[in-house]
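What follows is a short report on a single structure.
These figures come from a predicted structure and were not determined experimentally.
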Amino acid sequence: MFRTNQTALFVFIAIIAVLLTPAADVYASDLVVEKPWARASIGVSRPTAVYLTIRNGGAVTDVLTMVTTPAAGMAEVHKSEVKDGLARMSPAGNVEVSAGTTAILEPGGLHIMLMELKNPLKKGETISMTLHFENAGPVDVAVPVYGIAASGPKFSD
Amino acid sequence: MLAVYIGLFVWRGTGNPVFEASSQSESNAFSPSFMLVDHQGNTVTEKTYRGQWLLVFFGFTNCPDICPTTLSDLAVVMDQIGGKAASVTPLFISVDPERDRVESMAEYVSAFHPTIVGLTGAEKQIASAAETFKAYYEKQQPDRDQSNYAVAHTSAVYLISPDGTFVRTFGYGTATEVFVTELNKRL
């Protein structure tokens with residue numbers, strides 16, 4: 001039941017927007033979460049990764065403190081680093097997004113590692129995920145699953 | 001020299017291998033050797049692949065970021081070199097013999113490209129293979145769950161000639177066009 005016509009109209013537009021763009025950018029106050037995608041997994045025993053960007057258009061720094069998703073028992077921001085020809089990966093802790101900057105989670109760098117998957121992540125599916133920010137609070141993101149060999153939204157197979 | 005850390009063999013060369021630049025001088029020439037098991041269960045050595053150009057990458061199948069990115073790049077390269085792909089074999093050598101058994105290697109490499117061969121083996125065999133490639137790896141600290149750990153590893157892709165000699169490396173993130181140009185030049 002809608003209280004006003006404006007609400008109904010807003011909901012209608014929101015639904016249309018979601019239908020038109022499955023990987024729609026998510027706006028939460030001054031934060032914009034863009035280009036989310038997950039790498040398909042092989043079974044459930046191996047971890048996989050989610051990539052996205054967080055743009056902070058506000059005037060204050062915000063901090064990504066936690067990630068939760070019904071798709072995995074554990075979701076954590078990790079960082080891959082290649083230094084002196086050696087690749088290493090470690091938990092990244094909190095991700096600070098200063099005012100006016102963008103945090104980029106991409107292959108070879110920061111990524112949200114999904115561990116203890118509930119089900120295999122299959123190409124074409126969408127998983128839901130909540131990014132918890134210090135200021136913006138919880139931000140829900142719909143994350144499309146691309147192929148295991150995908151390198152980003154441009155090459156979505 | 002070979003150092004043992006908590007039962008894990010880790011090869012440390014005389015300093016960090018510098019693989020950024022293409023290096024083809026005589027002083028750097030070496031011929032890697034190994035005895036491992038491929039993802040179909042066959043025992044293989046470097047001689048198995050004589051006559052083939054090899055693109056060799058070290059990694060582990062629980063690796064969610066660097067390894068899939070590199071293997072998908074290699075898949076693109078194999079598609080882009082067309083008919084020449086018959087003379088090129090990408091080898092993915094596990095640095096995580098504890099978890100990467102033959103079946104898991106098969107499951108993993110086949111997800112990327114039918115031409116990619118996954119190799120694993122006993123810990124000593126892996127350590128010895130890595131040593132001859134002058135590659136380095138090291139098991140990282142597990143999290144609360146002891147089976148959840150990452151393995152740091154040399155991130156470059158090695159190009160080995162059909163006679164088994166090291167030609168050059170491609171650093172992590174090298175554009176696929178660079179691989180294709182190099183292979184087209186040589187094949």
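For A:Met115, the part lying near chain B is the side chain, with the backbone staying farther off; criterion is any non-hydrogen pair under 4.5 Å. For A:Glu116, the part sitting under 4.5 Å from any heavy atom of chain B is the side chain, from C-beta outward, and nothing else. No part of B:Thr70 comes within reach of chain A, as not one of its non-hydrogen atoms sits under 4.5 angstrom from that chain. Only the side chain of B:Asn148 comes within contact range of chain A, with heavy atoms under 4.5 Å apart. Of the two parts of B:Gln140, only the side chain, counted from C-beta on, holds a non-hydrogen atom closer than 4.5 Å to a non-hydrogen atom of chain A. Both the backbone and the side chain of B:Tyr108 come within contact range of chain A, with heavy atoms under 4.5 Å apart. Contacts of B:Ala111 with chain A are made by both backbone and side-chain atoms, with heavy-atom separations under 4.5 Å. Using a 4.5 Å cut-off between heavy atoms, A:Ser45 contacts chain B through its backbone alone, with no side-chain atom that close.
With chain B as partner, the option from A:Ser90, A:Pro107, A:Ala40 having the largest number of non-hydrogen pairs under 4.5 angstrom is A:Pro107. Comparing A:Pro47, A:Gly43, A:Ala49, A:Ser41 by heavy-atom pairs within less than 4.5 Å of chain B, the highest count is held by A:Pro47.
Residues B:Ser72 and A:Ala150 approach most closely at OG-O, 4.4 Å, considering heavy atoms. The heavy-atom pair separating A:Leu86 from B:Thr154 by the smallest distance is CD1-N, 3.5 Å. Residues B:Pro64 and A:Tyr51 come closest through the heavy atom pair O-OH, 3.7 Å.
Side-chain atoms of B:Ser155 come within 3.5 Å of backbone N or O of A:Gly85 as a donor-acceptor pair. Panel note: side chain B:Asp65, backbone A:Gly108; a donor-acceptor pair is recorded below 3.5 Å.
In the hydrophobic clustering of this structure, B:Val77 groups with B:Val167; members are Ile, Leu, Val, Met, Phe, Trp, Tyr whose side-chain heavy atoms approach within less than 4.5 Å, directly or through other members. The same ILVMFWY cluster, assembled from side-chain heavy atoms under 4.5 Å apart, contains both B:Leu183 and B:Phe112. A:Val33 and A:Ile104 sit in two unconnected hydrophobic clusters of ILVMFWY residues. Membership requires side-chain heavy atoms under 4.5 Å apart, directly or through other members. Using a 4.5 Å cut-off between side-chain heavy atoms of Ile, Leu, Val, Met, Phe, Trp and Tyr, with links allowed through other members, B:Trp53 and B:Leu55 fall into the same hydrophobic cluster. Hydrophobic cluster membership is shared by A:Leu121 and A:Val44, with clusters built from Ile, Leu, Val, Met, Phe, Trp and Tyr side chains linked at under 4.5 angstrom.
Distance check: B:Leu71 CG to A:Ile148 CD1 gives 8.5 Å after rounding to the nearest 0.5 Å. Between the CE atom of A:Met89 and the CZ atom of B:Phe60 there is a distance of 5.0 Å, given to the nearest 0.5 Å.
More than 12 heavy-atom neighbours from other residues, nucleotides or ligands sit within 6.0 angstrom of NZ on B:Lys84. For A:Met74, the CE atom is densely surrounded, since the number of other residues' heavy atoms within 6.0 Å is greater than 12.
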Quiz prompt | Worked verdict on B:His153 versus A:Arg88 for side-chain contact (heavy atoms from CB on, under 4.5 Å) | solution = CA-CA 7 Å; B:His153 57 93; A:Arg88 243 173 227 292; over 6 Å; no
Self-check item: Criterion side-chain contact (heavy atoms from CB on, under 4.5 Å) on A:Arg46 and B:Glu107, from CA distance to verdict
Solution: CA-CA 11 Å; A:Arg46 296 187 185 88; B:Glu107 201 177 38; 3.0 Å; yes
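You'll find the side chain of A:Arg39 reaches within 4.5 Å of the side chain of B:Thr69, heavy atoms only.
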